[in-house]
Amino acid sequence: MNKGVNLYVVVPCYNEEAVLHETSKRMLELFGKMKSEELINEKSRIVFVDDGSKDKTWTIIDELTKEHKEIAGIKLARNAGHQNALLGGLMTVKDDCDCAISIDADLQDDINVIPDMIKKFKDGYDVVYGVRNKRETDTFFKRTTAVGFYRIMEMMGVNIVFNHADYRLMSRRALEGLSQFPERNLFLRGMVPLVGYRSDCVYYDRNERFAGESKYPLKKMISFAFDGITSFSISPIRVISAFGAIVCVIAVIMAIYALVQKIMGHTDAGWASLMMSIWFIGGVQLLSVGLIGEYIGKLYKEVKRRPRYIIEAYVNEQEAGKDV
Ligand code: UDP
Ligand code: MG
């Protein structure tokens with residue numbers, strides 16, 4: 001038995017019949033190389049998670065598991081979505097591995113940095129993020145929307161790694177930490193930094209999808225981005241409160257202005273009182289909505305039941321040196 005780590009690579013697949021053969025071939029080649037270098041051991045696996053595909057994805061995975069002992073398969077009972085499929089895969093394998101790497105089935109993320117990830121893991125890092133160097137292979141639209149998205153998330157105080165998608169290595173204990181997050185709306189790239197532990201990045205160039213089509217059409221992308229924001233930040237609620245406060249200030253200015261106009265006799269009957277009420281009521285309403293929002297924000301944090309802390313080490317040497 002070699003001294004390599006026990007690595008599991010988790011690959012979510014939704015209607016990926018066009019890429020599976022090539023993907024497994026490339027992964028198996030890499031596994032062979034890493035085994036000969038004693039980076040990974042014989043028990044390491046490539047796990048394809050079929051996310052309720054409608055095509056022959058599962059049939060192919062099933063065949064692959066029979067042909068190669070390095071390949072394993074998990075089949076979800078329905079299409080649960082990329083994030084759920086990924087978490088499902090990671091949670092299923094977490095007790096069997098030393099560390100797990102998640103990667104998309106289309107291998108747009110460069111698998112040649114996997115050895116670097118493992119080396120970092122051996123150096124004591126619990127989480128290794130795969131980060132894209134440049135986005136030249138993405139369309140202009142995808143590139144700008146993605147960069148805009150990371151900026152907005154940053155502005156809202158969400159801790160995510162810039163230009164990192166779901167290509168990452170996690171140690172077994174980091175996976176154990178992740179398993180303590182019981183939330184339903186998954187946004188893994190926001191959750192993993194919350195787990196903690198020592199982390200580092202490896203950099204790579206993103207390729208184009210070599211076959212098949214993107215399973216993330218615009219609609220899914222927008223809802224994913226929206227999920228990311230609303231699952232991690234209550235800043236949008238604060239924006240309403242701030243806006244309410246601004247309208248209240250305007251209401252005071254308008255009240256003074258309307259009164260002056262009325263005293264100077266420049267107004268029709270009823271104008272001044274109408275102006276004052278409209279601004280005042282508007283401001284009070286917005287502020288109230290913001291206030292209610294603050295309570296909803298608190299509820300939202302409670303309901304998530306995220307772990308408040310994860311203990312990395314407990315050193316207790318009280319008895320050291322004593323004869324007990
Ligand atoms: N995927 C999935 N379930 C879904 C949609 C996508 O498991 O409902 C998988 C898909 O098979 C792929 C990964 O998620 O392995 C990323 O999808 P894709 O490459 O189409 O997204 P893009 O790279 O275009 O953002
Ligand atoms: Mg892709």
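Numbering starts at 1 and runs along the sequence shown. Ligands are counted one by one from 1 in listed order, and the atoms in each one are counted from 1 as well.
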With a cut-off of 4.0 Å, which atoms of ligand 1 are near a heavy atom of Lys220?
4 (C), 5 (C), 8 (O)
Considering heavy atoms of the protein only, find what lies nearest to atom 25 (O) of ligand 1 and give residue, atom and distance to 0.1 Å.
Lys142 NZ, 3.0 Å
Step through the shown structure and confirm whether more than 12 heavy atoms of other residues, nucleotides or ligands are within 6.0 Å of NZ on Lys33.
no
For atom 17 (O) of ligand 1, find the nearest protein heavy atom and state the residue, atom name and distance (0.1 Å precision).
Tyr216 CD1, 3.8 Å
Could you point out which residue of Asp109, Asp110, Asn133 forms a side-chain hydrogen bond (donor to acceptor under 3.5 Å, both in side chains) with Tyr204?
Asp109
Tell me whether the count of non-hydrogen atoms from other residues, nucleotides or ligands lying under 6.0 Å of NZ in Lys122 goes above 12.
yes
Tell me: protein heavy atom nearest atom 12 (C) of ligand 1, and distance?
Glu16 OE2, 3.4 Å
Atoms of ligand 1, numbered as shown, that sit under 4.0 Å from any heavy atom of Arg206:
23 (O)
Could I get the full list of side chain to side chain contact (heavy atoms under 4.5 Å, CB included) partners for Val260, not counting sequence neighbours?
Ile256, Met264
So which heavy atom on Asp166 is nearest to which on Arg189, and how close?
OD2-NH2, 3.5 Å
How about Gln108: does one of its N, O or S atoms come closer than 2.8 Å to the Mg ion (ligand 2)?
yes
Taking the six-membered ring of Phe31 as reference, does the cationic atom of Lys35 (NZ for Lys, CZ for Arg) lie under 6.0 Å from its centre and within 45° of its axis?
no
Heavy atoms only, cut-off 4.0 Å: how does Leu86 contact ligand 1, side chain, backbone, both, or neither?
neither
What residue and heavy atom of the protein are closest to atom 7 (O) of ligand 1, and at what distance?
Asp51 OD2, 3.4 Å
Can you pull out the closest protein heavy atom to atom 23 (O) of ligand 1? Residue, atom name and distance to 0.1 Å, please.
Gln108 OE1, 2.7 Å
Which residue owns the protein heavy atom closest to atom 18 (P) of ligand 1, what's the atom, and how far is it?
Arg209 NH2, 3.5 Å
CG/Leu299: more than 12 non-hydrogen atoms of other groups inside 6.0 Å
yes
In the protein, which heavy atom is nearest to atom 6 (C) of ligand 1, and how far is it?
Lys215 CB, 3.6 Å
Where does the angle between the aromatic ring planes of Phe224 and Phe187 fall among parallel (under 30°), tilted (30 to 60°) and perpendicular (over 60°)?
tilted
When every non-hydrogen atom of Leu7 is compared with those of Ser44, the smallest separation belongs to N-OG, 2.9 Å
Atom 14 (O) of ligand 1 sits nearest the protein heavy atom His82 CD2, 3.1 Å
Quick one: look at Cys13 and ligand 1, take heavy-atom pairs under 4.0 Å, and tell me if it's side chain, backbone, both or neither.
backbone
Report yes if Pro12 has an N/O atom closer than 3.5 Å to an N/O atom of ligand 1; otherwise report no.
yes
Determine which of the N, O or S atoms in Asp106 is closest to the Mg ion (ligand 2) and give its atom name.
OD2
Validate the cation-pi geometry between Arg198 and Tyr125: distance from NZ or CZ to the six-membered ring centre under 6.0 Å, angle to the ring axis within 45°.
yes
